[in-house]
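Quick notes on the structure that follows.
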Amino acid sequence: MECGISGLGELILSENAYDVITDYPLEGLVQNGDLCYVQVEGNYNIVYVNSPGLAQREITLPDYQNVPKLYGLMQLGQGQARFDPGSLIVSGITQVQRPPLSLTGRGVIFCLIDTGIDYANAAFLDENGKSRILAIWDQTIQTGVPPAGFYYGSEYTREQIDAALQSENPYERVPSRDELRHGSEMAGVAAGSNVRTGQQYLGAAPEADIVVVKLKQCKEYLRRLYLVPEDVPAYQENDIMLGVKYADSFAESFSRPVVICLGLGTNLGDHAGSSALSRYLELIALKRSRAVVVGGGNEGNASHHYEGRLEPEESFKDVEVRVGENALGFWLEVWGSLPDTINVSVRTPGGEMLQPVSLGLRQSITYNFVYERSQVTVTGARAEASSGEQVLLFRVREPTPGIWTFRVNSVGNIYNGRFHLWLPITEFLNTEVYFLSPTPYITLTEPSMASEILSVSAYNGENNSFYIESGRGFDRRGAVRPDLAAPGVNVSTIYGRSTGSSLAAAITAGAALQFMQWAVVEGNDIFVNGRQLKSFFIRGADRDADLTYPNREWGYGRLNLEQAFRMMTEM
């Protein structure tokens, strides 16, 4: 097999190929049947390395920064209900849909990277019955033609979708479906229309064009590495990055702005925006006529974050984790703070001890216990490449139910003292695993910690109460995240009512589509980028007199697009 188009596609999809994310140039790297790469943008590349037997082999994690993280969905279905525009009204979106501004997303492209879209749903058709979807890149279907410059999946254009809609069986021509409905609900909230339904339902930007990337499921070796249950949707960081690259290709400066929306999240990473995906999203958001909106996840009340501090006179601090019955396993990350050095010992529920280990560079050690079936693999980095800070990674397989104690020990003098532990997002656990003394803050999921993007938490638009499950800020280094809060509870979708931070992201993305129509399409601020859009939204946010801003829950306040325009007239 050579590294041509077909050979690269086979390697990308192979369950016997490692996927590696690099952030340095690869000129001169010899490509062949066992090693190929795809450039994302700048120095970011995805390398695919053939490794026979990988699908059956237990793997370790020597280079954390290069291994794709896994992302899960951030939405909960609530069942059927009549359409209620309340979420759009409190966000100032319905008001600017009307004259004199009449902002409906016309001329702007909404790009969703998620579970796909129900392209036959009337909410995504125009008044002539034609599709408003410019293209679908379905990474899960290999029978069609991939997009130009990409090597897997199938691309379906608007012409193909329209032809399918005119046929007796559309899915014979365009077989892409959204079985999980997650992406379709987000697309409907951001850009759904009612011109063909005769119903009341209306999204924020009903005249925006739509581009969709349906992500393929992660490879099995990554699912095994991160101990994610088989039946849980999980998506790879590198597939998302390539989806962002595809979405970005539709932008045309001065005329066709693009708003990219992500309703995915993970607890993997440093929670300071240092991952490859976070930094790539920052790069995109700084381009003219682009904006990126990311939901902050639903981990605020999950008890999956612990923040501790070692005082100078303390030599250790114990952190307890409750593990339920029949747990497949769990992944735990311990992040230190410069200039301190720490190590961690482990005590099982049965009383067996794993003593602190001083790990060298690129080292991974696995421990088996005498009286328990549990297995613990420890990987560490004194200076993790993407963040520059110390991290210790614990992969616990078949954990004995009960209380696990992770003792964080100081090594030498303590100056800063702060450290953090994170467990996986709720979706990636098959039973209860949580800290007994959790910290509800710094629970936004990645990549919402990235700077330059618009990061949003969720609240209940019916009573202005913060959604208790919503992720909260700030980031691990104290940077202000989220930027804003948007409605994310009982939001009307094309299927009924749903709740979650992904809906808050979709509403905010819809507002961004409207703003980009005014700024770029109508020529009021043709040089605008995601950073500037965020500034306008922050200035226009609703703020309560009894709260201090920026705020860990609300960021700089509640999204109010109408007020953002009003503030511009007062400047």
Side-chain angles (χ1 to χ4, degrees), residues 71-91 93-94 110 112-124 177-194 197 199-206 210 212 214-215 232-233 235 261-265 293-302 425-427 444-445 448 456-471 482 484-511 513 558-559:
Y71 292 74
L73 304 177
M74 297 289 132
Q75 186 171 319
L76 303 170
Q78 296 290 317
Q80 297 295 319
R82 65 177 180 82
F83 173 66
D84 181 354
S87 296
L88 302 185
I89 294 172
V90 299
S91 301
I93 287 172
T94 301
F110 171 64
L112 181 69
I113 303 164
D114 207 89
T115 64
I117 191 168
D118 179 5
Y119 71 83
N121 192 292
F124 307 121
R177 296 175 182 263
D178 180 13
E179 297 87 353
L180 300 178
R181 292 187 168 187
H182 189 269
S184 299
E185 288 196 300
M186 290 183 65
V189 168
S193 69
N194 61 6
T197 63
Q199 300 174 357
Q200 287 185 310
Y201 186 81
L202 194 68
I210 301 168
V212 176
K214 179 179 178 179
L215 295 165
V232 173
Y235 308 97
C261 184
L262 286 176
L264 308 168
V293 181
V294 179
N298 307 321
E299 287 288 300
N301 198 41
I425 59 173
T426 302
E427 289 75 10
L444 293 168
T445 50
S448 65
V456 294
S457 58
Y459 78 98
N460 189 333
E462 296 177 0
N463 56 20
N464 285 351
S465 63
F466 190 75
Y467 176 43
I468 191 171
E469 305 294 342
S470 176
L484 299 167
V489 178
N490 292 328
V491 175
S492 291
T493 77
I494 59 174
Y495 300 121
R497 295 290 189 97
S498 287
T499 293
S501 71
S502 60
L503 280 309
I507 287 174
T508 307
L513 292 165
R558 300 186 301 276
L559 172 69

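Just so you know, residue 1 is the first one in the sequence shown, and it goes up from there.
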- line: d(Thr426 OG1, Asn298 CG) to nearest 0.5 Å is 8.0 Å
statement: In short, Ala511 meets Ala204 closest at the heavy-atom pair N-CB, 4.3 Å
Over all atoms of both residues, closest heavy-atom pair of Ser184 and Tyr495: CB-OH, 3.6 Å
field: Pairing residues for Ile468 by the side-chain contact (heavy atoms from CB on, under 4.5 Å) criterion, not counting sequence neighbours
entry: Asn301, Arg472
- prompt: Hey, mind stepping through Ile210 and Leu112 against side chain to side chain contact (heavy atoms under 4.5 Å, CB included) and telling me if it holds?
  reply: CA-CA 8 Å; Ile210 301 168; Leu112 181 69; 5.8 Å; no
- line: All heavy atoms of Arg177 vs all of Lys214, minimum pair found to be O-NZ, 2.7 Å
query: Any side-chain heavy atom of Val212 sitting closer than 4.5 Å to one from Tyr119?
result: no
task: Report the C-alpha separation of Ile507 and Leu559 in whole Å, then their side-chain angles, then the decisive distance to 0.1 Å, and conclude whether the side chain to side chain contact (heavy atoms under 4.5 Å, CB included) test is met.
output: CA-CA 9 Å; Ile507 287 174; Leu559 172 69; 4.1 Å; yes
- request: Would you give the length of the straight line joining atom NE2 of His182 to atom OG of Ser498, rounded to the nearest 0.5 angstrom?
  value: 8.5 Å
- prompt: With a 4.5 Å limit on heavy-atom distance, are the side chains of Val491 and Glu185 in contact?
  reply: no
- request: Quick one: do Leu180 and Leu73 satisfy side chain to side chain contact (heavy atoms under 4.5 Å, CB included)? Show the steps, please.
  value: CA-CA 10 Å; Leu180 300 178; Leu73 304 177; 4.0 Å; yes
Spacing of CZ belonging to Phe110 relative to SG belonging to Cys261, to within rounding of 0.5 Å: 4.5 Å
- prompt: Among side-chain atoms of Asp178 and Thr115, is any donor-acceptor pair under 3.5 angstrom?
  reply: yes
Any donor-acceptor pair under 3.5 Å from Ser470 side chain to Ala458 backbone: yes
- prompt: Quick one: does Asn464's side chain get under 4.5 Å of Tyr459's, heavy atoms only?
  reply: yes
message: Using side-chain heavy atoms (C-beta onward) and a distance below 4.5 Å, is Pro487 in contact with Val90?
response: yes
Reported CE-to-CG distance for the pair Met186 and Asp114, which is rounded to 0.5 angstrom: 5.5 Å
- request: Spell out, as yes or no, whether a donor-acceptor pair under 3.5 Å connects the side chain of Ser193 to the backbone of Ala123.
  value: yes
statement: Residues at least two apart in sequence or cross-chain that pass ring pair (Phe, Tyr, Trp, His ring centres under 6.0 Å) with Tyr467, listed by chain then number, are none
- prompt: Taking it one step at a time, do Phe124 and Ile494 satisfy side chain to side chain contact (heavy atoms under 4.5 Å, CB included)?
  reply: CA-CA 10 Å; Phe124 307 121; Ile494 59 174; 4.0 Å; yes
- request: Identify, with sequence neighbours excluded, every residue that meets side-chain contact (heavy atoms from CB on, under 4.5 Å) alongside Pro482.
  value: Leu444, Ser455, Ser457
task: Look up atom CG in Leu264 and atom OG in Ser448, then write down how far apart they are to the nearest 0.5 Å.
output: 11.5 Å
query: Can you name the closest pair of heavy atoms from Ser501 and Gly297 and give their distance?
result: OG-N, 2.8 Å
- prompt: Which value, rounded to the nearest 0.5 Å, describes the distance between Leu262 atom CG and Tyr71 atom OH?
  reply: 9.0 Å
Minimum-distance pair of heavy atoms, taken over all atoms of Ala190 and Ala506: CB-O, 3.4 Å
- request: Check whether any side-chain heavy atom of Val189 lies under 4.5 Å from a side-chain heavy atom of Tyr201, and answer yes or no.
  value: yes
